[in-house]
Participant: 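This is the structure I have questions about; it appears just below.
All residue numbers in this chain count up from 1 along the given sequence. As a basis for the values below, the full set of heavy atoms in this structure was taken, side chains included, without hydrogen atoms, waters or symmetry mates. No experiment lies behind these values; they were computed from the predicted model shown.
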Amino acid sequence: MSRHSVYHEGSRALQDRVGVRDTADHVGRAIGDGIKPVAAAFLELQPLLVLGAADPGTGRVWASPMTGPLGFVRATGPHQMSVAGGVRAADPLSSALATQGVQVGTIALDPRTRRRMRLNGRLRPTARGLAISADRVFSNCPKYIQRRESYEVVAGRGTADPRHAAELTPAQAEFIASANTFFIATVHGGGTDVSHRGGNPGFVQVDSPHDLSWRDYPGNSMFLTLGNIRSDSRAGLLFLDWTTGTTLQLTGEARTSFGRDGERRVLFELTEAIETPSALPLRWSAPEYSPANPVPAD
């Protein structure tokens, strides 16, 4: 895969502004379109996959979780990932994930090992779930991933109805402010991407019932997420309660702000929020915070 196809104009603009184009070119060599045996083995050990896409009807971008027994996500060829099952009918991506050719981004993040793998491509519905033809496959470093030793599957979850709103409730704002992890889906002309953001509780600020912000910590210098946001402001966020399984999905628009000291902050304006109590059957152990996490400012 050529460097030209790895980065689009939005990512390049940010790399040049920060002065990391050479570093990005070096790191970008890890991006390919094939699923290596070590990646295939990793996928089969994951109970959670997060997908991102734009809803074909509304154009809104969402990030949605899928769970299943080990092996529900697997490589079914050097350039294809298959997923058994699907999202709930009420999920905002249910239509997108049933549509042939939709561009999707995925991330498999394993808190037990602090490893993560991203695969982006085009979706094809199947009799068992869905298959994704890979355009991009790559792994990231363990920065900002909170380690969790184990999980258990809790029966009886996944029956509650989702709650839709155009602004955050005080309880949702408190949930976000206490979060140490979220996922973000973004789009550009050539595809969709899902990434992870992590930090100590308080790293995401709720500035109003319609507005969130967070500092963009130093990462791999690719600027895939912020590059997408520069080209297309639509974004979807997913917050998980790693104990109760409750999910909070947000869709809206994002932009990046640069401070005088060079600090980057992402500002997110909410369009719609969907909270689903006890949506996921996974109950994870308590987190061990990443040593890379900066301490949030008071």
Participant: Could you check whether any side-chain N or O of His188 sits under 3.5 Å from a backbone N or O of Glu9, counting only pairs where one atom can act as donor and the other as acceptor?
Facilitator: no
Participant: Between atom CG of Leu224 and atom CG of Asn120, what is the distance when rounded to the nearest 0.5 Å?
Facilitator: 8.5 Å
Participant: Given Leu212, which partner from the list Leu267, Leu270, Val266, Leu168 fulfils the side-chain contact (heavy atoms from CB on, under 4.5 Å) test?
Facilitator: Leu168
Participant: Would you check, one step at a time, whether the test side chain to side chain contact (heavy atoms under 4.5 Å, CB included) holds for Leu97 with Leu123?
Facilitator: CA-CA 7 Å; Leu97 299 184; Leu123 178 143; 3.6 Å; yes
Participant: Does Leu240 belong to the same Ile/Leu/Val/Met/Phe/Trp/Tyr cluster as Val154, with side-chain heavy atoms less than 4.5 Å apart forming each link?
Facilitator: no
Participant: Just verifying a value: how many Å separate Leu14 CG and Ser221 OG, rounded to the nearest 0.5 Å?
Facilitator: 11.5 Å
Participant: Hey, is CZ on Arg128 packed in by over 12 heavy atoms from elsewhere, all under 6.0 Å?
Facilitator: no
Participant: Tell me whether Arg265 at atom CZ has more than 12 heavy atoms from other residues, nucleotides or ligands lying less than 6.0 Å away.
Facilitator: yes
Participant: Can you tell me if CD on Glu174 sees more than 12 non-hydrogen neighbours from other groups inside 6.0 Å?
Facilitator: no
Participant: Would you compute the distance between atom CD1 of Ile229 and atom CZ of Arg234 and round it to the nearest 0.5 angstrom?
Facilitator: 12.5 Å
Participant: If I take atom OG from residue Ser150 and atom CZ from residue Arg283, how far apart are they, to the nearest 0.5 angstrom?
Facilitator: 10.5 Å
Participant: Are there over 12 heavy-atom neighbours, none belonging to Glu272, within less than 6.0 Å of that residue's CD?
Facilitator: yes
Participant: Just wondering, do Pro111 and Trp242 contact through their side chains at under 4.5 Å, heavy atoms?
Facilitator: yes
Participant: Out of curiosity, does Ile107 fall in the hydrophobic cluster containing Ile132 (side-chain heavy atoms, cut-off under 4.5 Å, transitive links)?
Facilitator: no
Participant: So which atom in Asn180 and which in Gln146 form the shortest heavy-atom distance, rounded to 0.1 Å?
Facilitator: O-NE2, 3.0 Å
Participant: From the options Arg230, Arg12, Arg264, select the one residue that forms a side-chain contact (heavy atoms from CB on, under 4.5 Å) with Phe223.
Facilitator: Arg264
Participant: Would you indicate whether the side-chain heavy atoms of Ser94 and Arg88 approach each other to under 4.5 Å?
Facilitator: no
Participant: State, with a plain yes or no, whether a side-chain heavy atom of Arg197 is found less than 4.5 Å away from one of Phe203.
Facilitator: yes
Participant: Please check if the number of heavy atoms outside Glu149 that lie under 6.0 Å from its CD is greater than 12.
Facilitator: no
Participant: If I take atom CZ from residue Phe268 and atom NE2 from residue His210, how far apart are they, to the nearest 0.5 angstrom?
Facilitator: 12.0 Å
Participant: Check whether the side chains of Ser64 and Gln249 place a donor and an acceptor atom closer than 3.5 Å, and report yes or no.
Facilitator: yes
Participant: Judged by modelled atom types alone, do Arg124 and Thr126 share a side-chain donor-acceptor pair under 3.5 Å?
Facilitator: no
Participant: May I have the step-by-step check of side chain to side chain contact (heavy atoms under 4.5 Å, CB included) for Leu238 and Thr247, ending in yes or no?
Facilitator: CA-CA 7 Å; Leu238 170 65; Thr247 62; 4.1 Å; yes
Participant: Taking a hydrophobic cluster as the set of Ile, Leu, Val, Met, Phe, Trp and Tyr residues connected by side-chain heavy atoms closer than 4.5 Å, whether directly or through intermediates, do Met81 and Val87 fall within one such cluster?
Facilitator: yes
Participant: Do the side chains of Met66 and Phe72 get nearer than 4.5 Å, heavy atoms only?
Facilitator: yes
Participant: Find the distance between CZ (Arg163) and CD1 (Ile274) and round it off to the nearest 0.5 Å.
Facilitator: 13.0 Å
